[in-house]
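Heads up, the thing below is written out as structure tokens.
Bear in mind that the values here come from a model prediction, so they are computed numbers and not experimental data. One-based numbering, in listed order, for ligands and for the atoms of each.
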Amino acid sequence: MEDGGTDTTDGRVIRARAREVLDGAWDDARGYCYPNRDVYPHLWLWDSCFHAICWAALDDERAVTELEAVFAGQLPDGFVPHMRYAGPPPTDLGPLSGVSSITQPPVYAHAAKVLAEHGMAPGAPVVDGVAAGLGQLWRDRRIGLDLLYLVHPWEGGNDHSPRWDDWVRPGYGPADYHQRARSALNAGWVASLRYTPRGVANWSTSFVVAPAGFNAIAAHAAAELADLTGDGVWAERSAALADAMDHHLWDDHQGQWVDLPLVGGGGSCRIPTADGLLGVLVTRDEGKARRALAQLADGERFAAPFGVRYIAADHPSYHPGQYWRGPAWPQLQYLLWVACRRWGADDLAREVARRGVSGAETSGWAEYWNPETGQGLGARPQTWAALAAVFC
Ligand code: GLC
């Protein structure tokens with residue numbers, strides 16, 4: 001059991017089931033897991049990083065293979081695509097062939113560090129790929145405020161977050177939400193993308209935002225890369241980005257980090273979400289970290305019987321059964337568990353882990369689940385539910 005993990009469930013059973021889920025999704029020829037063979041039959045950037053973390057927790061060398069697979073689609077300028085297609089693209093995501101032209105949260109640096117901690121240190125090509133990937137973000141996706149920006153709602157990984165509601169139209173709310181119609185908006189998002197000459201998205205005429213979640217994961221990635229390589233430049237970049245988040249994105253009224261709209265958007269960027277707590281991974285301000293952590297422990301905000309709610313329960317946007325609009329997501333729970341441990345909040349980490357494990361089991365190892373009842377939602381089984389193995 002990891003320190004800060006759970007000892008209330010039979011860890012061996014959980015680990016065996018996690019391995020079964022990953023084994024069932026593994027493609028030996030391609031060297032990665034499909035998040036779900038039927039619903040998600042491609043490689044997704046952050047999913048594969050989480051799979052690598054799961055494999056490492058299971059002492060399986062496929063951790064290294066899967067992390068290498070993330071970089072197999074990397075472009076010479078360092079850009080890491082959010083998808084590598086294993087067949088026809090599911091939808092238009094830009095002009096690049098074989099991969100999407102947008103990115104996703106750079107969890108690869110943390111994954112590389114976790115692998116090294118498990119004695120599976122990734123080789124130079126992966127470490128160089130991590131540095132080049134972050135380098136591309138810092139070079140091509142930074143605004144004057146020192147924050148990183150995104151040009152498509154799916155780049156944040158939180159595809160249908162209510163924080164994007166005002167981009168759909170002002171006043172858009174829970175009663176308007178339909179998952180299929182919302183996904184169909186992709187055509188419009190893609191039509192407004194602008195690209196580098198090589199076909200990498202670098203601007204949009206309708207959607208540009210500096211989100212709390214993505215910036216926190218990127219700042220954390222920079223710190224992890226500095227730890228892995230001893231390169232102090234990345235430690236400085238991490239601290240500068242964390243400070244920029246504290247300065248520009250911290251909402252003192254809500255006690256969490258909000259998103260900053262740059263093109264389009266509006267007040268929905270302030271809706272209290274679980275990824276708005278991820279600044280705890282990197283902030284240097286203990287007061288801010290403690291205020292955010294307190295909400296993670298608060299039953300009226302983010303703490304639910306089966307995990308971490310994506311939206312605070314006391315906000316009108318909270319819908320525990322609706323895709324990115326309330327359910328618990330295992331990959332965010334994992335990152336928040338890492339964040340708790342950074343601040344020595346070990347009891348809270350154990351509680352996040354315990355509920356995370358019971359949510360994974362009760363939901364049938366689902367993509368996401370109702371945090372009040374544990375009812376499985378989305379694809380089942382979904383590979384990142386195997387993160388429960390990390391807690392055992
Ligand atoms: C959905 C999620 C995204 C994930 C993908 C594959 O699009 O919103 O975060 O990477 O599915 O699991």
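Remark: Arg290 CZ is packed, more than 12 non-hydrogen atoms of other residues, nucleotides or ligands lying under 6.0 Å away.
In this structure, Ser268 contributes its side chain and Asp166 its backbone to a donor-acceptor pair below 3.5 Å.
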Need the list: ligand 1 N/O atoms against protein N/O atoms, distance under 3.5 Å, rounded to one decimal.
from: ligand 1; atom 1: 7 (O); to: Asp159; atom 2: OD2; distance (Å): 2.8
from: ligand 1; atom 1: 8 (O); to: Gly157; atom 2: O; distance (Å): 3.2
from: ligand 1; atom 1: 8 (O); to: Asp159; atom 2: OD1; distance (Å): 2.9
from: ligand 1; atom 1: 8 (O); to: Asp159; atom 2: OD2; distance (Å): 3.3
from: ligand 1; atom 1: 8 (O); to: Tyr323; atom 2: OH; distance (Å): 3.3
from: ligand 1; atom 1: 8 (O); to: Trp324; atom 2: NE1; distance (Å): 2.8
from: ligand 1; atom 1: 9 (O); to: Trp46; atom 2: NE1; distance (Å): 3.0
from: ligand 1; atom 1: 9 (O); to: Gly157; atom 2: O; distance (Å): 2.6
from: ligand 1; atom 1: 10 (O); to: Trp46; atom 2: NE1; distance (Å): 3.1
from: ligand 1; atom 1: 10 (O); to: Asp47; atom 2: OD1; distance (Å): 2.6
from: ligand 1; atom 1: 10 (O); to: Gln104; atom 2: NE2; distance (Å): 2.9
from: ligand 1; atom 1: 12 (O); to: Asp47; atom 2: OD2; distance (Å): 2.7
from: ligand 1; atom 1: 12 (O); to: Gln382; atom 2: NE2; distance (Å): 3.1

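Inspection of the Asn186 and Thr91 side chains reveals an N or O donor paired with an N or O acceptor under 3.5 Å. A donor and an acceptor atom, one from each side chain of Tyr177 and His319, are nowhere located under 3.5 Å apart.
Atom CD of residue Glu66 and atom CG of residue Leu22 lie 8.0 Å apart, to the nearest 0.5 angstrom.
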(message) Working note: Trp189 + Leu193, criterion side-chain contact (heavy atoms from CB on, under 4.5 Å); need CA distance, chi angles, decisive distance, verdict.
(response) CA-CA 7 Å; Trp189 304 130; Leu193 287 174; 5.9 Å; no
